[in-house]
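Just so you know, these numbers come straight off a predicted model, no measurement behind them. Residue numbering restarts at 1 for every chain, and letters A, B, ... go by the order of the sequence lines. What you see below is based on every heavy atom in this structure, not just the backbone, and it leaves out hydrogens, waters and symmetry mates.
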Amino acid sequence: MSRYYVTTPIYYVNDAPHIGHAYTTVVADVLARFHRLLGEEVYFLTGTDEHGQKIEDSAAAKGLTPIALADAVVQRYHALWKRLGMTHNDFIRTTEDRHQRGVLKLFGEITSRGDDIYKGRYEGWYCKGCEAFYPESQIVEGKCPDQGHPVQRLSEESYFFRLSRYQEPLLKHYADNPSFIFPETRRNEIVSFVSSGLKDLSLSRTSFRWGIPFPGDPQHIFYVWFDALANYITALEYAGSQDLYRQFWPADVHLVGKDILRFHAVYWPAFLMAAGVPLPKSVVAHGWWLRDAAKMSKSRGNVIEPNSLLDDFSVDAVRYFLMREMAFGQDASYSDEALIERCNSDLANDLGNLVSRTLKLLENSFGGVVPDPGSHSPRGEGLAPAAQAAWNGMVGGFKEYDFSGALSRVWELVSATNKFIVEKEPWKLAADPARRDELGWVLYDAAEALRVTGLLISPVMPRAARALWGQLGLQRDPAEESLTEFEWGRLAPGTRIAKGESLFPRIDKKAYLARLGTETPEAAKPAAPIARETNVDEASIDIEEFRKIRLRVGKVTAAEKVEGAKKLLKLQVDLGDEVRQIISGIADKYAPEALVGKQIVLVANLKPATIRGVESRGMLLAAEDAEGRATIVTFDEAVTVGATVR
RNA sequence: GGCGGUGUAGCUCAGAUGGUUAGAGCACGCGGCUCAUAUCCGCGGAGUCCGGGGUUCGAGUCCCUGCACCGCUACCA
């Protein structure tokens with residue numbers, strides 16, 4: 001039997017689950033359910049990443065042990081996945097013994113096979129909030145580029161992985177396996193990144209304790225990526241019986257958000273190559289959910305809370321929306337309106353109402369028993385061709401991760417069925433005893449089309465699919481069925497239907513939005529929060545803040561180009577009491593000799609930085625023109641060198 | 001700065017290998033039906049296919065160029 005192993009990333013327990021986590025996991029669940037329907041043996045893994053400094057710090061701040069904090073947050077994930085109907089086969093936590101042993105085993109494989117691991121020193125600007133080092137060039141005013149947290153200069157002993165050695169093998173792997181990274185545009189990015197050269201990767205930290213200690217050197221703790229990525233095999237008892245590992249590794253799909261693609265498409269395969277472990281078959285990256293076109297973030301206050309969504313909408317509606325609304329791989333916008341539109345148009349009006357009308361017609365004309373279609377149905381007439389097309393489209397779309405397209409194809413069957421009913425006018429046929437056979441055929445086809453529809457939507461909307469089948473009088477769950485071949489006509493005549501509650505109730509959009517406290521759809525647009533944030537960013541500073549910046553008059557005494565750099569000049573600037581060396585990116589406009597003797601304005605108390613290996617202790621002020629070229633600020637008459645500018 | 005991507009109806013998006021009047025869903029207008037969750041079906045309006053060149057008998061689809069937005073990356077101090 002063919003096997004299918006799909007994973008989600010493991011989620012960091014510092015954060016409560018949000019819509020992004022929910023999306024990734026729903027996609028994985030849909031894939032898992034789809035492949036089970038294809039008769040494959042599926043292993044679906046998700047879990048949590050629980051180590052690291054952030055957890056250590058958060059726990060301490062709350063007076064908890066790290067594991068107690070992790071335990072608490074993990075419960076929230078379990079609860080959400082249960083609510084969302086997830087069918088993962090396993091949930092791994094990096095604090096589990098099987099994981100820790102697995103990490104050590106994987107590491108041991110690498111060290112025993114060569115010299116890919118070595119000890120060195122790591123130095124850089126470290127952001128505690130992000131748990132990451134940033135290159136000099138990315139530090140903005142002493143803050144990290146991602147979140148704006150303060151950074152600190154850190155130097156520590158570290159173990160390194162010779163990633164640089166794997167540049168060629170990785171490129172070859174990408175070339176030989178075009179489907180290794182999906183979508184193609186992401187693949188291009190990775191190829192380009194790797195082509196430009198790889199630096200060795202720091203694998204350990206000594207700055208925190210909460211993690212897996214290095215074998216033989218317990219001062220060192222495994223840094224996040226080696227620890228976390230290994231989960232994909234440690235969960236398979238890689239360091240134990242290896243039963244699952246032998247069955248399911250290599251994985252078919254590592255599903256990830258585009259932000260962590262590099263770790264999965266570069267670092268992870270390199271680790272595996274070094275350890276002599278087969279590589280996963282594919283890494284598939286999806287886009288982000290934006291809030292009405294703006295990026296969601298806590299600081300913006302525009303995050304979508306999955307649990308509150310589930311308070312108002314059915315699981316199936318939420319799952320359907322996530323799968324249908326996003327063109328897979330691209331970013332998509334979440335909006336309350338869009339969600340309600342999907343619920344009302346696709347689910348309530350099209351499908352829900354179709355179920356309702358079909359069952360009612362069966363009740364009225366055949367006492368709620370599925371009639372015999374006679375000789376009409378199986379011959380390419382009626383709805384059979386449309387059902388076949390929907391089946392083809394759904395299966396084809398899923399295999400290319402085009403969930404939205406796949407669902408569209410299914411909805412073409414729904415439309416075709418609605419149209420079929422309108423055209424055949426069964427309520428008129430019912431009034432004519434002579435046309436009873438035709439009536440039976442028409443209603444049989446409609447019911448059978450619904451059976452097929454239920455099967456096709458079951459990976460996305462398992463509960464609704466089951467309910468639909470139940471109302472058709474079927475005892476089985478679509479999940480127990482097979483999608484491997486299309487078979488029209490399996491609904492047995494004589495089946496007693498069981499019309500029940502509306503499958504997808506309509507949602508009162510106005511009432512819903514009003515309840516959210518947004519008077520009109522326009523008011524619901526998040527222009528407000530964004531504007532607020534902009535105001536904060538552009539906010540006036542008071543004089544005290546400005547006084548922190550020390551601007552001084554400097555005279556350029558020497559200038560030369562920085563070797564190997566296009567735009568950089570190395571300047572010696574006399575401040576009267578000292579001479580500073582600074583680096584400035586103005587070489588495209590100024591020749592070095594043209595600068596000597598000029599008086600400039602220098603930001604004198606800027607933290608020193610090293611650019612292109614050259615120390616820079618200050619920054620000169622310049623205006624930037626439309627082409628991005630700089631014009632330096634100077635004085636219209638000579639002033640005292642070293643004087644303060646304000 | 002380099003590389004890559006995107007730019008198609010009011011909105012969200014489809015549109016291998018260039019070929020008759022450019023599509024779907026939603027929204028909008030009109031008509032039909034009444035089994036159905038004020039639902040369904042039909043018809044319709046609407047688009048300089050980002051701009052400008054070019055190749056071609058013919059380009060949304062290929063080439064060049066410009067603009068805008070996005071992503072990755074970088075010596076943007």
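The partner of rC30(B), taking Watson-Crick or G-U wobble pairs whose two distances both stay under 3.5 Å, is rG42(B). Base pairing analysis places rG25(B) opposite rC11(B); the two distances defining the Watson-Crick or G-U wobble pair are each below 3.5 Å. Shown here, rG71(B) forms a base pair with rC3(B); the pair counts as Watson-Crick or G-U wobble because both key distances fall under 3.5 Å.
Separating the P atom of rA14(B) from that of rC35(B) is a span of 41 Å, rounded to the nearest Å. The separation of rG42(B) from rG47(B), taken at their C1' atoms, amounts to 23 Å, rounded to a whole angstrom. With P as the reference atom, rG51(B) and rG60(B) are 11 Å apart, rounded to whole Å. With P as the reference atom, rG23(B) and rG66(B) are 33 Å apart, rounded to whole Å. On the C1' atoms, rA46(B) is 31 Å away from rU56(B), given to the nearest whole Å.
Residues meeting the side chain to side chain donor-acceptor pair (under 3.5 Å) test with Lys555(A), sequence neighbours left out: none.
Considering only side-chain N and O atoms, Lys419(A) lies nowhere under 4.0 angstrom from the phosphate OP1 or OP2 of rC40(B). In this structure, Gln330(A) does not reach the rG7(B) phosphate: none of its side-chain N or O atoms is under 4.0 Å from OP1 or OP2.
By the 4.0 Å N-to-carboxylate-O rule, Arg409(A) lies close enough to Glu412(A) to be salt-bridged with it. A salt bridge between Glu363(A) and Lys499(A) is absent, with no side-chain N of the basic residue lying under 4.0 Å from a carboxylate O of the acidic one.
Aromatic rings from Trp268(A) and Tyr166(A) are positioned such that their centres are separated by 6.0 Å or more. Between Phe313(A) and Tyr512(A), the gap from one ring centroid to the other is short of 6.0 Å.
Between Ile190(A) atom CD1 and rG71(B) atom P there is a gap of 16 Å when expressed in whole angstrom units.
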| said: Protein within reach of the bases, or only the backbone? For nucleotides 32-37 of chain B, mark each nucleotide 5' to 3' as B, S or -, using heavy atoms under 4.0 Å. | reply: -SSBBB
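At distances below 3.5 Å, not a single donor-acceptor pair connects side-chain atoms of Asn353(A) with backbone N or O atoms of Ala348(A).
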